[in-house]
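Right, one structure below, let's go through it.
Since we're looking at a predicted model, the values are computed, not measured. Computed from heavy atoms alone, side chains included, the values below leave out hydrogens, waters and symmetry copies.
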Amino acid sequence: MILFAQVVLPVPLRKSFVYRVPEEYQKKVRKGIRVLVPFRKNLLTGFITELFSEAPLKNIKFKKIRELLDEEPVFSLSFLSFTKRLSDYYYSSWGEILHASLPPSFAVKTRTVIYICKKGKAYLNQDSCSDSEREILKFLTRKHYTELYLRRKFKKSSFSSIISNMEEKGLISIKKEIRRSPKREWNNTQKAPTQIEIDDSLDSDLRKKADEIKSKRGEDAFSCFLISSSKKKREAVYFDLIRETTASGLKTLFLFPEIELSDRILKEFKKKLGENAAVLHSRMSEKQKELTWERIRRGEAEVVAGPRSVLLTPFEKLGLIILDQEHEDSYYQKESPAYDARIGARLRAEEEKAVLIYGSEYPSVELLYRSRNKGSLIDLDKVQKTQFKRDIIDSRKQTGVISRAMKTGIMKRVEQKEPVTLFFNRHGYASSLVCSQCDFTPKCQNCEVLLTYYKKEEKLICRYCHYSTDLFMKCPECGSRMVPGGGFGIEVLEEELKRNFPDSCIRSLHKLAVKKKNQEEEIIKDYRAGKIDILLGTQMMAHQSKLPLSYFVGVFYPESILRLSDFRAGYKTFRYIKETMKFVKDAPNSEFMVQTYLPHTYPIQNAVYDDSVSFYEHELRNRRLMGYPPFSYLAELLFTGKDLRSVARKSRKLLDVVKDKKDQIEILGPSFAPVKKLRGKNRVQVIIKSKERSSLDEILEKIFKDIKTRKSVFVYE
DNA sequence: AGCACGCCGACT
DNA sequence: GTCGGCGTGCTC
């Protein structure tokens with residue numbers, strides 16, 4: 001006899017709660033169904049994760065489950081254990097993860113309704129009735145109203161206390177009610193026939209690799225591979241594996257980075273997999289998402305594809321997870337519930353006993369190292385001999401923004417009417433504005449970081465929260481002239497190019513210039529059509545799949561990435577250069593040029609001269625030396641709060657809490673997070689490095705127990 | 001997270 | 001003397 005159920009709730013707590021199961025539900029309760037439960041004074045949509053025949057806890061007055069919301073579980077047992085492990089890994093709330101796994105309409109919405117009581121009506125005529133009480137009571141004699149409505153009607157700051165006081169006196173009653181949305185009827189669309197296009201693009205070499213994966217993977221067991229190769233080859237193997245998975249009656253989960261949200265993916269899936277692919281992404285409407293979600297739930301989609309959030313879409317018979325462009329930062333979800341989709345994919349594949357494929361042309365150092373050690377690295381690329389010339393220009397020996405060599409290079413192409421592609425990854429005109437007299441520098445009111453100076457748009461913009469103000473050239477403190485400060489940005493380079501090549505058509509492609517969605521495509525189209533002589537862009541331009549190849553590609557100051565305070569800065573620089581290099585037409589008279597103040601650093605050298613083997617070796621040596629992943633687990637603890645002093649105190653307390661564990665870990669900080677302040681909350685971070693995950697967990701557990709304040713953890717491994 | 005309880009400063 | 005600050009604890 002099932003009498004009690006463990007329920008997890010969508011609240012930021014690492015706890016579950018036990019409820020009594022009412023008699024009428026005792027035959028219907030199952031793990032994985034949604035329930036409506038009273039919690040404090042609220043009604044919440046929770047999820048049953050465990051069932052008991054006797055009370056699992058003592059001395060607790062259990063509340064009753066109010067209502068069962070499903071006949072059939074919305075979460076399978078394996079999905080439940082996957083999400084549980086994910087929440088354990090990131091010290092986040094299981095309930096919040098489950099909540100995020102459902103479309104918004106699956107959470108029952110409640111409202112607070114206020115009724116007048118008999119006693120309240122009588123109270124109206126008494127002298128002890130205050131003006132504000134009388135006002136509200138009078139209003140309620142007509143009919144009941146929701147709390148929200150009343151709060152807006154009577155714009156009183158003390159509204160809450162007046163109301164709760166009146167409830168205590170028995171004048172009114174406050175009830176939580178379910179806001180029933182009309183039950184949506186799902187039109188039972190006919191399942192599209194499986195019409196997977198046969199594609200013979202796998203040559204014998206790829207065939208061998210795909211077969212290698214198939215033979216190494218255990219029957220009905222978790223296995224994981226990293227495919228390191230160019231997009232085309234990778235995708236050929238992906239589709240081969242998807243076809244095989246589908247043929248054996250299993251489903252595929254396909255994850256791709258946010259920036260790839262181009263309709264290309266959709267078209268590709270439609271073309272190769274017929275109507276059996278379901279793509280979910282953030283640009284879809286609520287309704288569209290819900291319909292797609294329901295299709296997936298009914299098992300009609302053979303392939304479920306989308307960005308990181310799609311990892312949390314519940315469905316059964318999962319046989320294959322593909323995570324493409326494994327290195328991309330958009331797989332990090334840093335907002336609550338925080339998780340890394342790469343690690344999430346692994347946990348899910350483990351629970352589902354599925355095959356997991358990571359893919360990238362230049363995989364992350366961490367994953368490459370681990371895969372190589374485990375023998376699960378599938379390297380598809382033969383060393384390709386490229387023919388174009390390449391050069392690293394030492395800026396220290398040059399004057400001006402554009403070096404002589406770069407100028408000559410561009411000039412030659414411009415004269416021959418050949419388009420030139422240039423990259424410079426720093427936005428705006430200057431990274432800040434500064435007063436020429438008193439050193440005043442305008443900061444973002446939300447994040448407290450320096451505002452970037454945009455000359456063309458005449459604005460100051462925050463690079464984190466996009467807060468923007470109109471430009472002012474007089475210091476508000478002392479009235480002196482404001483001048484550009486910090487490093488110069490892409491607009492300076494554009495001005496410089498225009499001065500040097502006054503007769504050329506020069507366009508620049510960066511975030512601000514492409515506010516309007518199709519403007520980016522417009523520019524690329526014009527460039528393809530030969531209407532633009534020199535195209536200048538930030539890193540985002542390197543992600544433009546339609547950008548044509550060019551005989552001359554130049555990269556300015558890649559050290560803007562190298563100087564980031566990130567243990568992956570070297571790798572990111574290497575990748576950035578590799579990305580830009582892809583746009584060089586492979587011909588003997590093509591040229592690739594990098595201009596930098598750090599010409600001898602290995603990420604730049606190795607990228608330019610095609611020595612990825614040396615790059616990975618060098619990078620791994622450094623990571624080992626400094627104790628960074630993959631040689632350690634790195635936890636990023638973020639403390640947040642309104643009051644900076646208390647946040648700082650709490651974060652310093654951490655040092656005290658872990659002082660007897662100093663031999664197992666290394667601590668950096670506390671220090672301000674890269675974004676000092678966000679939405680009015682101060683942010684202080686502490687980095688903990690540990691060789692063993694177990695000792696890291698021990699320490700984090702202790703920190704969570706001893707330090708009571710808002711905080712979140714992100715773990716890199 | 002919210003909300004209640006609880007102990008120390010500036011006010012009628 | 002009280003109103004109210006947010007530190008601490010709890011939610012089945």
Side-chain angles (χ1 to χ4, degrees), chain A residues 2-22 25-26 29 31 33-68 87 90-100 107 109-112 130 132 147-148 151 156-168 174-176 335-338 638-654 656-657 678-684 703-713:
Chain A
I2 298 305
L3 298 173
F4 297 93
Q6 182 184 65
V7 174
V8 294
L9 299 167
V11 288
L13 299 172
R14 295 174 55 223
K15 278 186 85 176
S16 60
F17 297 87
V18 176
Y19 286 84
R20 194 181 288 280
V21 180
Y25 295 145
Q26 281 171 5
V29 280
K31 287 186 202 174
I33 71 172
R34 293 175 306 146
V35 286
L36 201 62
V37 292
F39 186 70
R40 281 279 172 109
K41 286 181 165 178
N42 281 307
L43 276 177
L44 294 180
T45 304
F47 312 99
I48 295 186
T49 53
E50 204 60 63
L51 298 168
F52 311 100
S53 53
E54 49 193 283
L57 300 159
K58 285 189 174 104
N59 304 324
I60 283 179
K61 203 170 157 279
F62 298 103
K63 290 185 180 174
K64 272 187 193 168
I65 288 175
R66 183 72 66 86
E67 199 175 324
L68 298 192
S87 70
Y90 291 100
Y91 293 79
S92 59
S93 149
W94 189 8
E96 282 192 325
I97 289 179
L98 291 176
H99 180 76
K109 290 173 186 72
T110 58
R111 59 183 184 180
T112 314
S130 73
S132 40
E147 195 236 36
L148 194 71
R151 187 185 290 276
K156 288 208 165 54
S157 56
S158 54
F159 182 81
S160 303
S161 59
I162 295 172
I163 288 295
S164 57
N165 187 263
M166 291 196 333
E167 189 197 20
E168 245 168 73
I174 301 172
K175 285 184 183 150
K176 288 277 170 189
E335 302 269 300
S336 167
L638 186 70
F639 293 83
T640 50
K642 269 195 302 192
D643 180 37
L644 178 58
R645 283 184 56 209
S646 105
V647 175
R649 197 176 57 238
K650 293 264 166 72
S651 65
R652 287 209 311 276
K653 187 180 170 192
L654 181 144
D656 204 46
V657 168
L678 191 68
R679 281 179 234 116
K681 283 186 172 163
N682 289 286
R683 295 149 59 88
V684 171
I703 291 168
F704 270 76
K705 205 176 106 250
D706 292 358
I707 306 175
K708 294 267 175 259
T709 181
R710 187 81 185 131
K711 57 191 168 310
S712 64
V713 190

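Backbone-only engagement by A/Y19 is indicated by non-hydrogen atom pairs under 4.0 Å involving sugar-phosphate atoms exclusively. Using a 4.0 Å heavy-atom cutoff across all strands shown, A/L9 reaches no nucleic acid atom at all. Base engagement by A/V18 is indicated by at least one non-hydrogen atom pair under 4.0 Å involving a base atom. A/K15 comes within 4.0 angstrom of a nucleotide base, judged by non-hydrogen atoms across all strands.
Protein atom NZ of A/K711 is 13 Å distant from nucleotide atom C1' of B/dA1, rounded to whole Å. One atom, CG of A/N42, and another, P of B/dC3, lie 7 Å apart when rounded to the nearest Å. If you take CG of A/L44 and C1' of C/dC12, they are 12 Å apart, rounded to a whole angstrom. Atoms CZ (A/F62) and P (C/dT11) sit 11 Å apart, rounded to a whole Å. Distance, A/F17 CZ to C/dC10 P: 12 Å, rounded to whole Å.
Mapping A/V11 and A/K41 onto DNA chain B by nearest heavy atom places A/V11 closer to the 5' end of the strand.
Between the CD1 atom in A/I65 and the CD1 atom in A/I48 there is a gap of 4.5 Å [rounded to 0.5 Å].
Set against C/dC12, C/dC10, B/dA1, the side chain of A/L13 has B/dA1 as its closest nucleotide. The side chain of A/L57 approaches C/dC12 more closely than any other nucleotide in the set C/dT8, B/dA4, C/dC12.
Under a 3.5 Å cut-off, the side chain of A/Y19 and the backbone N or O of A/P38 do form a donor-acceptor pair.
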